[in-house]
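Note sheet for the following structure.
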Amino acid sequence: MIKLKGRFSLILFFLSIVSLGWDNFYILRERMVKEQIIKRGIKDDRVIKAMLKVPRHKFVPLKWQNFSYDDTPLPIGYQQTISQPYIVALMTELLELKGEERVLEIGTGSGYQSAILAELAKGVYTIEILEQLAFKAKKVLKELGYNNIHVKIGDGFLGWPEYAPFDAIIVTCAPNEIPPPLLEQLAEGGRLVIPVGEHFQELKLVLKKEGKILTTDIIPVRFVPMLRR
Ligand code: SAH
């Protein structure tokens, strides 16, 4: 009897730890959204809801998990990083997604940005140059039940012509110039968000209107470089 009781309370103890863990992350996520996202001027309600929903800690290596909701990028291995939450929100807001779009992402990394996009668009096509990161991201995204994200291993500089044109394109690594294939694969009326530069990088918003390319500088940023194969 005592033995059974002991086991029962042990189970209860672990259950409460598990549920406390969940609550803690939700509280941290809510605070992240309030302090880092809304306070800094992100207004798109759908972006805010996606940032509240996607469990960022699932995309962060275990040893960094407690910092998942901090106001900073974090290492994800192979000298790559998951972007700061505010930058993810800002870049996503700039795409003005309504729900029916096909989005191309260059630099899958952890898969976190892909999940945010998948909450807001119809289909996400994401390319990662490092095989190990692509496999990891695929696994997490599958575990979380995303079935509208297509992950490809390859050089994102070339885009993904088979699925072009894209209504929106987001690049999360920095090339020295905007890759011409990405401009070609952007749909008429489409929006492209991309960091450009080597040491000093500028986040740029590119619009394609009546075949013309219009570029606006948004803010200075710091991304990992775009690698070439
Ligand atoms: N969006 C990611 C950010 C990852 S950092 C996230 O939410 O976690 C940028 C990623 O771009 C890295 O994983 C890096 O390996 C990848 N990358 C660099 N050059 C690339 C290229 N030419 N094509 C595709 N991915 C590239």
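Computed over heavy atoms, backbone and side chain alike; hydrogens, waters and symmetry mates excluded. Whatever order the structure lists ligands and atoms in, that order sets their numbers, starting from 1.
In this structure, the side chain of Glu93 engages the main chain of Lys43 through a donor-acceptor pair within 3.5 Å. Distance alone, capped at 3.5 Å, is enough to place a donor-acceptor pair between the Thr172 side chain and the Ile106 backbone.
Applying the salt bridge (charged side-chain N to carboxylate O under 4.0 Å, His left out) test to Arg102 and every residue at least two apart in sequence or in another chain returns nothing.
Side chain to side chain, Gln113 and Thr92 meet the donor-acceptor criterion of an N or O pair below 3.5 Å.
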I'd like the atom pairs linking ligand 1 to the protein - N or O on both sides, separation under 3.5 Å - with distances to 0.1 Å.
| residue | atom | partner | partner atom | Å |
| --- | --- | --- | --- | --- |
| ligand 1 | 1 (N) | Glu105 | OE2 | 3.1 |
| ligand 1 | 1 (N) | Gly107 | O | 3.0 |
| ligand 1 | 1 (N) | Thr172 | OG1 | 3.1 |
| ligand 1 | 7 (O) | Gln113 | N | 3.1 |
| ligand 1 | 8 (O) | Ser110 | N | 3.0 |
| ligand 1 | 8 (O) | Ser110 | OG | 2.6 |
| ligand 1 | 13 (O) | Glu128 | OE1 | 2.7 |
| ligand 1 | 13 (O) | Glu128 | OE2 | 3.4 |
| ligand 1 | 15 (O) | Glu128 | OE2 | 2.6 |
| ligand 1 | 19 (N) | Leu227 | N | 2.8 |
| ligand 1 | 22 (N) | Asp155 | OD1 | 2.9 |
| ligand 1 | 22 (N) | Leu227 | O | 2.6 |
| ligand 1 | 23 (N) | Gly156 | N | 2.7 |
| ligand 1 | 25 (N) | Ile129 | N | 3.3 |

Could you check Lys34 against Glu30 for salt bridge (Lys or Arg N to Asp or Glu O under 4.0 Å), going step by step and ending with a plain yes or no? CA-CA 6 Å; Lys34 266 195 206 146; Glu30 214 178 18; 5.1 Å; no

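Ring pair Tyr69/His57 is tilted by interplanar angle, where 30° to 60° counts as tilted.
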